[in-house]
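Every number for a ligand or one of its atoms is a count from 1 in the order of the listing.
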Amino acid sequence: MPQLLNKLSDFHFLKNVFYFFSLYLITDTLLTEYNTGTYLYLSYPILMLIARFHSSDSIARFAAIFSFLIIFTGNIIEPITMDAVEEPFITIPLAYIILFPGSLWPVASAGALLFSYSFNLQLSDMVILEEFIEDSLELLAISGFASAMAFYQQKLKNKMVEYKKDSLTDFLTKLHNRKRFYADLKKIKYIKNNPDIKEEYQYALVQIDLDGFKKINDNLGHQVGDLVLIEFADRLRELEGHDVSIYRVGGDEFTVLIQHQDIEPITNTLITSVLDFAKTPYKNIKSHYSLTASIGVSLYDDCSELTELWCRNADIAMYEAKQRGKNNAQWFNQTLMQETLRYYQLEKDLLTALKEEQFYLLYQPNVAVSTNSIVGVEALVRWEHPTLGLISPVEFISIAEKNHLIIDLGKWILNEACRQGKEWSDNGSAISVSVNVSVVQLSHDDIFNTVRLALETSGLDAQYLQLEITETALMDQPEQVIAKCNQLRGLGVKIAIDDFGIDYSSLRYLKQLPIDIIKIDKSFIDDSVTNEKDHMIVRTIIQLGHNLGITVTAEGIEDKDQLNILKVESCDKYQGYYFSKPVTAQSIDQLLVVK
Ligand code: C2E
Ligand code: MG
Ligand code: MG
């Protein structure tokens, strides 16, 4: 019963009911009223059925014209009484409204019907004439009104189709947009989950990100950026087809959905084309701006039917491609899957780790090169995970930065380091304590008050506290960082630039920066003994620091030869496994006594 109601509420179904009813009425009239060639008229309903249901438009039109000609000529040869045609024939134009909605077919057919009838009209018979005029007006009025209604309905329908298309199209590139992408994902999920649909395709999702696009946008302006996106999209469009749909899902992010029985070869061919397209010079940018693409691919079969996971897998693969040096493609695989699972576990567990006191600090001595005695320590955080064991900060700091947990964690580190620093200073060891400060703390925390409070609470003299800021943080937002460093220095704390040299250090900022210490990155120290260029870089940084009145510390000293270079180059301080790995506060106590 509900099925029947559903069917009745379907307008399409009602139209067909009316259409069949009209065919029945007209055929019945034709067969009963005509005396000659009666069976010829049986072709009328057959042609009208072809006109309604044949998939080819031209055959449908041809059948419709032919069926009308049958009635038209029949009417001329052997006119039937007005009464007989009055009711059934009024459905002829209405049937054409169903066949060709919004066209002039219904009115034309009504006119032609009247015209054919008028051939045999006896003008002397006033009663018949009057009846003819009355019926003609009725027929024209009904078919005209119904046609007009159908015309506007069709127009509205076309408009709605157009609006719908617009809402699913990216305004800039005219590719499908994100909304359409999600709609298509839903369709795929439906097909894959529906046991009634026999599905022989595999599906791949290709995530494309343009490397270097941000630079173009920032340096050449958004207008040029837009033109580049349009040009790239036009190239991608060449790949579109029955098996391949292309979407722009974000600024410079494009996604391709591929369906195929043998998915890998076709996806690899597409990837090669996309990498080529991205590199091909663009009309609107000069040659020294280079663009490439980083591509991540994941298969639907690897996402446990969760489309959100499917997209995430492709994203992860894409980031992996970026990390592997850009301009390449990476397929999502089991290793990435394990890494991702670990990442999400750490992300989740980090939320409670601080409350559950799973963090602790180790301290690595900071040693004066000339005397080889400890002058300070760097606090380095460790996470003892209840099931995964010791986790390196290299792994979890970036996760904590991403979800801003680093702000609370950073406060805890700062308080703990200051408390420990105060204990050493109370015990007569006037050593400085360095604390690493993340870029997220600098931009999202009131770092000035956090540091002030930590000093106040611990009672540590500000001169014994050093804050280490990475070069990347500085280059991200130089003005903001410089202002904050100035404030912090006002408290009496010292500022160090960590990992100096690995990023594009700007000498302009170095001049403005209120810093006390430069820490030469370990990567320059590593080969400084064997590689003359690295040695020269170490020498240059030390001289640069000294010329600017800045203390220079070298990181990662692992052997005597490296230390000798520092002595020769008059570096101030060093840290490294050669002297000591990061150790507990108690071990530092012992080192302070022994060394
Ligand atoms: P970093 O601040 O540059 O710290 C130096 C890193 O080099 C430490 O790794 C240290 O153990 C390691 N190291 C020191 N000497 C040697 C050596 O001779 N050889 C080798 N191979 N390594 C040496 P760790 O503790 O794993 O920290 C890594 C990075 O994690 C740190 O780099 C820092 O950026 C971040 N980090 C560590 N603790 C914290 C923290 O408390 N807060 C924040 N925001 N970041 C931290
Ligand atoms: Mg550091
Ligand atoms: Mg460092």
*Asks:* Inspect the contact between Arg248 and Asp170 and indicate whether a charged nitrogen and a carboxylate oxygen are less than 4.0 angstrom apart.
*Replies:* yes
*Asks:* Taking the six-membered ring for Trp, are Tyr203 and Trp310 parallel (under 30°), tilted (30 to 60°) or perpendicular (over 60°)?
*Replies:* perpendicular
*Asks:* Going by heavy atoms in the side chains, are Asn328 and Leu275 under 4.5 Å from each other?
*Replies:* no
*Asks:* Check this for me: does any side-chain nitrogen of one of Arg419 and Glu416 sit under 4.0 Å from a carboxylate oxygen of the other?
*Replies:* yes
*Asks:* Could you check whether Asp516 pairs with Arg489 (Lys NZ or Arg NE/NH1/NH2 to Asp/Glu carboxylate O, under 4.0 Å)?
*Replies:* yes
*Asks:* Sort out the contact shell of ligand 1: every protein residue with a heavy-atom distance below 4.0 Å, listed by chain and number.
*Replies:* Gln364, Glu378, Leu380, Val381, Arg382, Pro393, Val394, Ile397, Ile413, Asn436, Ser438, Glu468, Asp498, Asp499, Lys522, Glu555, Gly556, Ile557, Glu558, Gly576, Tyr577, Pro582
*Asks:* Once you measure the plane-to-plane angle for Tyr247 and His176, does it fall in the parallel (<30°), tilted (30-60°) or perpendicular (>60°) bin?
*Replies:* tilted
*Asks:* Step through it carefully: locate the ring centre of Phe396, locate the ring centre of Phe359, and say whether they are under 6.0 Å apart.
*Replies:* yes
*Asks:* Counting the benzene-type ring for Trp, do Phe232 and Phe213 have ring centres under 6.0 Å apart?
*Replies:* no
*Asks:* In terms of side-chain geometry, is the basic nitrogen of Glu395 or Arg342 positioned less than 4.0 Å from the acidic oxygen of its partner?
*Replies:* yes
*Asks:* Any idea how many protein N, O or S atoms are nearer than 2.8 Å to the Mg ion (ligand 2)?
*Replies:* 4
